[in-house]
Amino acid sequence: MLSKPLPGAANSAAPARRGAGGAAPLAALQDRRRCHRRRCAAAAPTSAAAAAAAADAPPPSDPSFAPLAAWLEAAGGRVTGLDLRPCRMGAATVRGLVATAPARAGDALLSLPLPRALRDDAVPAAFPGAPWAASMAAFLLAEAARGAASDWAPYIASLPGGHLLACGGGAAESGGAGRSGSESGSGSGSASSSGGGSDWPAGTLALSDAEVAEVQYAPAVAALQAYRQLARQSYEAWRDTGSPIAAAGGWERFALALHLVQSRTIRLAITGCRVMIPAVDCLNHGGSSGATGALALGGASWAPASERSICFVASRDVAAGEQVLWTYGDRSNEDFFVYHAFVVDGQDNPHEEVQLWGGAAELAAWHAAETGAGARAPAAAEAAAADAARRAVQAGTIGCSSPHVPGTCSWLLVPLGAGAGGGGGGGSGSESGGGALEDWLRGVKRGGGRVQRRLAPLRLHTPEWGAAGCPAAPDELLACRDGRLDARAAAALIALSEAAAAPAGPAGGAAAEAARMVRRRAAQLLAGFPTTAEADEKLLRDGTADGQPLTGLYREVVAYRLAKKRVLAELANGGADGRV
């Protein structure tokens, strides 16, 4: 029997520096050997007959999966009607779990007793004060060094690049986003955490400084730099303990292990621990609309009565030969790209978002520079923006049906027109009295589905996530592609526009002026990118740069920055749904 869906299950989810005298960024990206976990090389057919035979043959099973399934069942788990095979997702060929027989909604396709999952609270600290991910990476490397003697050997063998974790498993070269002649296809829109057999599949930890700069979007560049720095510091601290495994394995193997941990770990709110769940972490991301199942916590009929099992349960009927998918969460591409090294096409991701300001103080300073209002009293403008932002959080908390979860960082999304009657909340036209901000805050408090809570990007994988010190909300102020805005930014803009005596009327009002400010800011940020969206689209369409084929990781770099540019362009033109 299975109980309710598992609450709080969300994917929890710094290479060597390059000197300034290296090649130009784009050339460097094309000249470095490809290191992307979703490549799946295949020999080209030599004749039409061979091609036809290959088309008729069933996709080959990953040889690591049968031993993994046997290991899971010996541990008290079960794999029912699934196989690990090459799957086509968008332009990419990736590993994925495929149904070998029809399944009905409610069927448990995978199950593993909770104590048998690899938990962060069950591995030794790599060094005093080590981040959880660093300790799990060190544990994987230690177990890989034991070879077949390790209790985790079948699981490690199933990981993308798992054979490289042991010191004798392959050359420890750090690849980048350079070209590769054996790539079978990769592109934005695919969403894999399963890997595809790359030479050194360390994800974005394989990027150099020059390659990180090619990302262009400042918040992601800063996150990548912080991620790489923490990874480097963790490896050096582990090595300095005198660990022979750290010394023998080197930085590249630690980076690979850390990427595997970050891209394959979920946090269970019910226990507070982070876990890597064998076989479950072979499931690719299908998004909320494309998922064919979900995790549940309960007791499977074949498990001991005293053990709780983590189960993957089909949420609809699944046909034989269909890839089984789940969702990594309703999120923008920040976490997917930085920690998983894939990008969901921004046009297909309704949760794509962009950062407009670093905080209320930056917003106030920008507003003063743009309008001249508050320039004589910047401290007063900053205080007004901060107070409006604080009150917006209070109102949004009342109007939002999703409560804040302790140990998580989230922000509240609202439309600018969330005021009385869903209108614009215009200055002197406020129908309830008290001014535009008061009118708008009253509408936010009423909620009615207009206030959404969303987990903050680039926080889920950090050491403080889930801890008592995790900030309840990020400092930065974001906007979503549908025109919804961080409640703090909306309130601050309305307050500042109201103080500047924005004209009233059908086309005026403080909220209408605030919307104009959002459009202006989006246009400015879009103009600040070093390449245009059209140039990025051409790169992806042509599939070449400087006469060389684009490789998987570089395609994801371009696809990621293009997604941000498209959101900014939509916001500059009023939002995808015309809400701004």
Side-chain angles (χ1 to χ4, degrees), residues 356-400 411-453 472-473 475-480 483-522 571 575 579-580:
L356 297 182
W357 296 278
E362 182 183 335
L363 183 155
W366 175 85
H367 188 272
E370 292 295 312
T371 64
R376 296 181 180 179
E382 182 177 331
D387 180 68
R390 176 186 58 80
R391 296 181 64 194
V393 171
Q394 294 174 341
T397 301
I398 295 172
C400 184
W411 52 295
L412 295 167
L413 273 172
V414 298
L416 273 171
S428 60
S430 172
E431 64 182 61
S432 303
L437 179 60
E438 298 297 332
D439 194 24
W440 185 84
L441 289 171
R442 278 191 288 268
V444 170
K445 289 180 182 179
R446 284 195 292 271
R450 287 173 288 189
V451 184
Q452 300 177 357
R453 184 180 297 278
D475 291 332
E476 57 268 21
L477 306 175
L478 299 95
C480 193
R484 292 180 182 271
L485 190 64
D486 187 309
R488 299 167 299 173
L493 285 171
I494 290 173
L496 293 172
S497 298
E498 186 175 26
E513 177 63 17
R516 282 192 285 270
M517 290 289 101
V518 170
R519 294 195 293 271
R520 182 185 300 182
R521 177 64 169 173
L571 290 172
R579 299 189 184 190
V580 179

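Each residue takes its place number in the sequence, starting with 1. Note that the structure is a prediction, hence the values are computed from the model and not measured.
Listed here is the closest heavy atom pair of Ala388 and Ala491: O-CB, 3.4 Å. Nearest heavy atoms, Ser497 versus Glu513: OG-CG, 3.5 Å. Scanning all heavy atoms of the two residues, the minimum distance from Ala364 to Ala385 falls at CB-CB, 4.0 Å. Leu437 and Ala495 make their closest contact through CD2-CB, 4.0 Å (heavy atoms, listed as atom of the first residue, atom of the second, distance). Nearest heavy atoms, Val414 versus Ala487: CG2-CA, 3.7 Å. A pairwise comparison of heavy atoms in Ala392 and Trp440 identifies CB-CZ3, 4.3 Å as the closest pair.
Here Glu476 pairs with Arg459 under the salt bridge (Lys or Arg N to Asp or Glu O under 4.0 Å) rule; sequence neighbours left out. Shown here are the side chain to side chain contact (heavy atoms under 4.5 Å, CB included) partners of Asp475, two or more places apart in sequence or in another chain: there are none. Applying the salt bridge (Lys or Arg N to Asp or Glu O under 4.0 Å) rule to Arg391 yields the partners Glu438; only residues at least two apart in sequence or on another chain are considered. Applying the ring pair (Phe, Tyr, Trp, His ring centres under 6.0 Å) criterion to Trp357, with sequence neighbours excluded, gives Trp366. Scanning for side chain to side chain donor-acceptor pair (under 3.5 Å) contacts around Glu370 gives Arg520, Gln524, with sequence neighbours left out.
Side-chain atoms of Arg484 come within 3.5 Å of backbone atoms of Arg450 as a donor-acceptor pair (strictly under, hydrogens ignored).
Between His367 and Leu493 there is a side-chain heavy-atom pair separated by less than 4.5 Å. Side-chain contact between Arg453 and Thr397: present, with at least one pair of heavy atoms (C-beta onward) separated by less than 4.5 Å. With contacts defined as side-chain heavy-atom distances shorter than 4.5 Å, the pair Cys400/Gln452 does not qualify.
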Is there a side-chain contact (heavy atoms from CB on, under 4.5 Å) between Arg442 and Lys445 once you walk through the steps? CA-CA 5 Å; Arg442 278 191 288 268; Lys445 289 180 182 179; 5.6 Å; no
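Listed by first and then second residue, the side-chain hydrogen bond (donor to acceptor under 3.5 Å, both in side chains) pairs that reach into residues 485-494 are Asp486-Arg488, sequence neighbours excluded.
Each of Leu478, Leu412, Leu356, Leu477 was compared with Leu485 under the side chain to side chain contact (heavy atoms under 4.5 Å, CB included) criterion, and only Leu356 meets it.
A distance of 12.5 Å separates CD of Glu382 from CG of Asp387, quoted to the nearest 0.5 Å. Note: Thr371 OG1 to Met517 CE = 6.5 Å, rounded to the nearest 0.5 Å.
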